[in-house]
Amino acid sequence: MTQKPNWDGWAQQIDGTTAVAGVMAWPVEHSLSPPMHNAAFAAGGRNWVYVPLRVHPEHVEEAVEGIRALGFVGANVTIPHKNTVVDYLDDLSDDARALQAVNTIHLTEDRLVGHNTDGAGFVRSLAEIGWSAEGKDVTVIGGGGAAAAVALALAREEPNRMAVLNRTPEKADTVANIVRGELPDLLVVTGNLTGGFSQDIIRESEIFVDSTSVGMYPDVDVDPVVPVELLDETMLICDLTYNPRETVLLKAAREIGAPILDGTGMLVHQGAIAYEIWTGTEAPVEVMREALLQALETRAGSK
Ligand code: NAP
């Protein structure tokens, strides 16, 4: 049983003027966004509340229209609705349009605008530890939505070259084509995870990002997505997975002395950017991080 976070009388403060936001997902029970955003709203002194929105895949259109009908501030969107909601919005940000995926909806002047804050969230988490992709050889492993968002955001930082490698190479090509469509002058190469070309690419990486679900709970005792022998201590090794924080890949990277970045920074910052879109003010990032880490810890304790 998950323990209810201590909201210090939060529910009692809801009144007729409370603004509402939420997260649309299916299932939604395990979302960490409600504690993170409610903590942020409280810290910002806002009479706002953030609720889980359990949206069945058959009802995505009505749910999106419901944001407008019910006068929500907006909503986050996560698995499995990030692509589907695109069809029901009035407008999209540049990233959301390129990715055809939305993780944040904002109701503004009766228009539903879709944003994708995942990639920018990752780049902010990178900056937080003093790294940028500018001029670097960057490798993104994966071919899903997270890989595409992160590859595009890193590509906007003007790396020396970008590689997208995936178990199913056709999906790496799809990600690469999104990046090439936005940044035609950038060198983007693709491949699988096992060929000699791919292994050379990995060895030459300065920033290595695992955007796959390999090592995610409950399958934590697996081999890292690529052989650890290909990595060394000069590379920044990132893993987007945040449960557990230290994945099998990050543990191996730490043991060889490489700098590492786990997925919690991206999760905090994608939420912080959503907060900024909704409120027009700076997000209380440290409050959000503390709430997120506490919720993660609570969840780990209840397994
Ligand atoms: P997704 O669309 O399902 O993509 C999963 C990717 O993992 C695919 O590229 C898949 O390869 C690869 N994969 C799965 N099992 C594999 C294996 N055994 N060996 C090699 N590759 C394997 O998922 P997603 O939405 O992109 O999310 C990916 C990860 O990012 C998840 O762990 C998620 O929690 C994390 N994420 C984190 C944040 C954050 O804020 N930190 C945000 C979004 C996502 P194939 O294409 O070959 O199947």
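Both ligands and their constituent atoms are indexed starting at 1 by order of listing. Note that the structure is predicted; figures quoted are calculated from it, not measured. Side chains are part of it too, since the values below use all heavy atoms of this structure and drop only hydrogens, waters and symmetry mates.
Atom CG of Asp87 is surrounded by more than 12 heavy atoms from other residues, nucleotides or ligands within 6.0 Å.
Taking all atoms of both residues into account, the shortest heavy-atom contact from Ile105 to Ile67 is CD1-CD1, 3.9 Å.
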Requested in this report: Report the C-alpha distance between Arg68 and Asp90 in whole Å, list the side-chain angles of each, state the deciding distance to 0.1 Å, and finish with yes or no for salt bridge (charged side-chain N to carboxylate O under 4.0 Å, His left out).
Outcome: CA-CA 11 Å; Arg68 187 186 347 250; Asp90 300 315; 2.9 Å; yes
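In this view, Glu128 and His269, Arg289 satisfy the side chain to side chain donor-acceptor pair (under 3.5 Å) rule, not counting sequence neighbours.
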Could you check ligand 1 for N or O atoms lying under 3.5 Å from protein N or O atoms and list the pairs with distances?
residue, atom, partner, partner atom, Å
ligand 1, 7 (O), Ser213, N, 3.3
ligand 1, 9 (O), Gly143, N, 2.8
ligand 1, 9 (O), Asn166, OD1, 2.9
ligand 1, 11 (O), Asn166, OD1, 3.4
ligand 1, 18 (N), Arg167, NH1, 3.4
ligand 1, 26 (O), Gly145, N, 3.2
ligand 1, 26 (O), Ala146, N, 2.9
ligand 1, 32 (O), Thr241, OG1, 2.9
ligand 1, 40 (O), Leu267, N, 3.3
ligand 1, 41 (N), Leu240, O, 3.0
ligand 1, 41 (N), Gly263, O, 2.9
ligand 1, 46 (O), Asn166, ND2, 2.8
ligand 1, 46 (O), Lys171, NZ, 3.0
ligand 1, 47 (O), Arg167, NE, 3.0
ligand 1, 47 (O), Thr168, N, 3.1
ligand 1, 47 (O), Thr168, OG1, 2.5
ligand 1, 48 (O), Arg167, NH2, 2.9

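Note: Tyr50 and Phe41 have tilted aromatic rings, judged against thresholds of 30 and 60 degrees for the angle between ring planes.
The residues Asp91 and Arg97 are annotated as salt-bridged, a charged nitrogen and a carboxylate oxygen being separated by less than 4.0 angstrom.
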